[in-house]
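In what follows, a structure is listed as structure tokens, so that the remarks can point back to it.
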Amino acid sequence: MPSLSSSQELLIDLDALVGNWQLLRATAPDADCAAVVKANAYGLGAAAVTRALQQAGCRSFFVATAAEALALADVVSAESRIYIFNGLRSTEVDDCRAQGFIPILSTLDQAECWWQANRRDQRILACGIQVDTGMNRLGLELREWDLLRKRYGAADLGASLIMSHLACSEEQNNPLNALQLKRFLDIVAAARSWAPGIEASFANSGGVMLGADYHFDQVRPGIALYGGNPETRRPNRFSSVVHLRLPILQLRRVGADGSVGYGALTPVKSGAMLATVQGGYADGLLISQSGQGFGEVAGIRVPMVGRISMDLTVFDVSAVPDAVWENQDRYIEVLNRNLTIDEMAAAAKTISYEVLTRLGQRFGRRYHSEAATSNYDESEYEH
Ligand SMILES: *Cc1c(COP(=O)(O)O)cnc(C)c1O
């Protein structure tokens, strides 16, 4: 399929993605290293990401919703498993059972529903169980967890995974980590006497970096796969996966002192060189980074100026020598190895997760892999 977006392009480096997964796996060598591909693999394209990780040996994939699981049904191989974090609505049960997805149950109602379906079908299908250990977001309360084990035999329920989620894993020294771990150890001990052989999973990306105590049988990183830093106080050990460059629509030498953009909020001096690129908040360039963010031209950092518009962003490129414009395609990079998703997030007063998941649908996603180029012919472009 021909592409018109050759210069406005979101390039996703699948080799870096696989390298990040391998680093996580090596950090938790005794655990199954799953991949969290919810929210369309944090905006990068769940099908292409899942294919690449599966080819590298990953066999466990987590999504948030049943619809996301269905979208991956034809992508995963027969040996791979798809887990659904948000469990199941009663209307989704039949579809999910037909596909063999593993729902993570977080309420007694969901457990009852799954148990009934197992009985009705005379077929026990696997489920996971989430217990809350201190985040107060999703998962059984401890007293509900006790009730669940009294009410149901583990075999009748199909309980195959017990999990919980850390609230502060990216902060090495936060005391809530150790407290949640202590609670989870008790939960796992109870789970194993109820369901011998049940697997336990606790660690997201930050949890993997907290050490072996946090790894259990399965780790389930997301953000580190995509190049985000899971340790706020340490340099990032993971490689950039996302590269975004935006075409320059107009270069302007400012004729008289004035201002840039809506609201006339940012003064600009006569003689300054401005570049207006295609790409704005409708593409996920968060407006809150107006006047804070940076781009790069031929390795030179250039600041964003004025308020980001829906489809346009202006940079002050006065620092770029004229000769540079003669030698290259006219574009500005906004995400690359030097301009990280964490830096863009800090400029926008948000987190790398939001930067990634907002990256807009107008950008063609192009997948690059030296290692397995031939496998991506069909899916090279995904919109
Ligand atoms: C999103 C999510 C993960 C992955 O978290 P990262 O911080 O991106 O590694 C793991 N577990 C649960 C329950 C999640 O919701």
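Both ligands and their constituent atoms are indexed starting at 1 by order of listing.
- We find the CG-CD distance between L166 and E170 to be 9.5 Å, quoted to the nearest 0.5 Å.
- With salt bridges taken as basic N to acidic carboxylate O contacts below 4.0 Å, none links R183 and D132.
- With respect to the salt-bridge test (charged N to carboxylate O, under 4.0 angstrom), the residues D186 and R192 do not qualify.
- We find that R301 and E296 are not joined by a salt bridge, their nearest charged nitrogen and carboxylate oxygen being 4.0 Å or further apart.
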Between F184 and Y214, does a ring-ring contact (aromatic ring centres under 6.0 Å, His included) hold up when you go through it step by step?
CA-CA 10 Å; F184 191 58; Y214 288 80; 9.9 Å; no
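- Every protein residue with a heavy atom nearer than 4.0 Å to ligand 1 is included here: V36, K38, Y42, F85, R137, M163, H165, N204, S205, R220, P221, G222, I223, Y353.
- Classified by interplanar angle (parallel below 30°, tilted 30° to 60°, perpendicular above 60°), the ring pair Y226/Y42 is tilted.
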